[in-house]
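Structure first, then comments.
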Amino acid sequence: MQAVMETYKRLGIAPTSGQGSWLFDDEGNRYLDFIAGIATNSLGHGHPALVEAIKEQAEKLIHCSNLYEVPIQAEVAEMLTGATDFDRVFFCNSGTESVEAAIKLARKHARTQYGPGKHEILSFSRSFHGRTYGGLSATAQPTLQEGFGPMLDGFVHAPFGDLEAAKELVGPQTAAILVEPIQGEGGVNVPPEGFLQGLREACDEHGALLIFDEVQTGAGRTGHLYAYQGVRVVPDVLTSAKGLGGGFPVGAMMAKEECAALGPGNHGSTFGGNPLAMAAVKAVLSVVDEEDFLEEVRFKGAILKNALEALAARVPGAEVRGEGLLLALDLGPELAPRMFEHCLREGVLVNLIGGTTLRLAPPLTVSRTEVRAALDTFRGGVDTLMAAAETAAVA
Ligand SMILES: Cc1ncc(COP(=O)(O)O)c(C=O)c1O
């Protein structure tokens, strides 16, 4: 690993193959994958529909460029627009690129419709919108921006969930509000009732676009194809990536016709929407965009959440957050790292965020039995932590 730039702290395990919800290394260890490539392996590992689609497309045509018509791109765009409230799709290769495209679209839309001066983007504390300069400028986490300044001009931030504070910052200068309907990297934070609707109204009042960053919450993760469909607040623009390709790198920015302001030469991507990526998205959508499948995601999510809440009730100050199969168990800075170590020792992969919170995002295809197996591990972890706390109290 010496030659790889150390932009990630790695855990010292090295999976080399996967099947369903399981990862395997070359030393005979197996891991129950409850983080799925950070909410990305939506169909788990080695799903036959995805593998076959990629194989078949690779044999036909991998790439040809957006200089030509790409029939499978048009087909997948129609699958997405047919399943959502949007009319146009721009394909790219990652989450941060989809956010970048959304920011550019919002500024172009504002400029075209209202003239100069309307270029501000409002985003929120604890948000995460990616690592490129547009996405990073919108990401209101000082620790992530530190050392990379100056950030881009025209980005303002309000506390997540504070509608009044957000409204103070919205005006004729606002091109867009950018928000995750549930914050992923920031701790799986669910906004208070009425917050997203209030942002919708503020945008309508000031001719600004509402952009939902659904890079993490999209592609079925919350038990709806997109989370906005569950909360019933329809944005003008939506970004998607991660689970959309089931592990194949792909992103999408979708917009309503009336704000689809990008034309030829305004934006582009060499790889964006290439046939191989589109074959992956088509396979994922064919599985995920089915009501029975989404209902099962909601059901498994509810089992997991209820059981986690019962566990959290035993730990002072603990909290469970999230929706569908994007859940967090917040145990605080002392217990969360120990619980994380326990899970790793037991072969259950979860993610520790902010040093306080375990994030769970298993494959959407996880079985009910696997959910119960992971819960046994979490329960064992809480038993151990509580026993240690009691011993310490007696001593
Ligand atoms: C909400 C959100 N937006 C954007 C991104 C950036 O996506 P990527 O890492 O694919 O560039 C992420 C990644 O975690 C995310 O969760």
Side-chain angles (χ1 to χ4, degrees), residues 7-13 15 21 23 31-40 124-128 139-144 159-161 180 182-191 216-217 221-222 242 300-363 366 370-393 395:
T7 56
Y8 284 84
K9 268 205 191 116
R10 296 173 199 266
L11 286 173
I13 64 170
S21 305
L23 283 169
Y31 302 91
L32 182 54
D33 187 1
F34 255 58
I35 189 60
I38 319 184
T40 295
F124 296 92
S125 61
R126 295 183 291 165
S127 60
F128 187 82
T139 293
Q141 295 202 44
T143 50
L144 300 183
F160 184 68
E180 295 157 84
I182 296 175
Q183 290 186 325
E185 303 298 305
V188 189
N189 306 314
V190 180
Q216 191 147 156
T217 52
R221 179 60 45 198
T222 67
K242 284 195 180 279
K300 290 177 292 197
I303 295 180
L304 193 53
K305 191 172 184 184
N306 289 340
L308 288 172
E309 276 168 350
L311 284 181
R314 295 171 51 197
V315 184
E319 189 181 63
V320 176
R321 298 186 290 269
E323 207 50 60
L325 288 172
L326 179 61
L327 293 171
L329 175 60
D330 187 337
L331 291 171
E334 207 180 305
L335 299 186
R338 284 157 59 194
M339 180 69 156
F340 176 71
E341 289 299 330
H342 169 85
C343 292
L344 200 55
R345 270 196 309 275
E346 297 278 310
V348 177
L349 301 180
V350 298
N351 175 230
L352 180 64
I353 33 180
T356 58
T357 302
L358 298 191
R359 174 171 44 176
L360 313 178
V366 68
E370 288 160 347
V371 168
R372 282 191 286 271
L375 278 167
D376 284 344
T377 296
F378 304 147
R379 218 168 277 123
V382 169
D383 289 346
T384 311
L385 292 180
M386 289 299 98
E390 267 172 37
T391 313

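Start at 1 with the first residue, then count along the sequence.
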For the pair [X] (side chain) and [Y] (backbone), establish whether a donor and an acceptor sit closer than 3.5 Å, ignoring hydrogens and angles.
X	Y	result
Ser21	Leu32	no
Asp330	Gly332	yes
Gln141	Ser127	yes
Lys300	Val371	no
Lys305	Gly322	yes
Arg359	Val188	no

Look up atom [atom1] in [X] and atom [atom2] in [Y], then write down how far apart they are to the nearest 0.5 Å.
X	Y	atom1	atom2	answer
Thr384	Leu335	OG1	CG	11.5 Å
Leu326	Gln183	CG	CD	11.5 Å
Asp33	Leu23	CG	CG	4.5 Å
Phe124	Asn189	CZ	CG	13.0 Å
Leu375	Leu308	CG	CG	6.0 Å
Glu323	Thr217	CD	OG1	11.0 Å

Check [X] against [Y] and note the closest heavy-atom contact, atom names and distance.
X	Y	value
Ala374	Val348	CB-CG1, 4.4 Å
Ala318	Leu331	CB-CD2, 3.9 Å
Thr377	Cys343	CG2-CA, 4.1 Å
Leu311	Phe378	CD1-CB, 3.7 Å
Ala361	Ala36	O-CB, 3.2 Å
Ser125	Pro159	OG-CA, 3.3 Å

Step by step, work out the side chain to side chain contact (heavy atoms under 4.5 Å, CB included) result for Met339 and Leu329. CA-CA 10 Å; Met339 180 69 156; Leu329 175 60; 4.3 Å; yes

Derivation of the side chain to side chain contact (heavy atoms under 4.5 Å, CB included) call for Asn351 and Leu358: CA-CA 6 Å; Asn351 175 230; Leu358 298 191; over 6 Å; no

Is there a side chain to side chain contact (heavy atoms under 4.5 Å, CB included) between Gln216 and Arg221? Walk through the geometry before answering. CA-CA 8 Å; Gln216 191 147 156; Arg221 179 60 45 198; 5.5 Å; no

Going by the side chain to side chain contact (heavy atoms under 4.5 Å, CB included) test, name the single residue among Arg338, His342, Arg314 that passes it with Leu385. Arg338

Enclosure of Glu309 CD (heavy-atom neighbours >12, cutoff 6.0 Å): yes

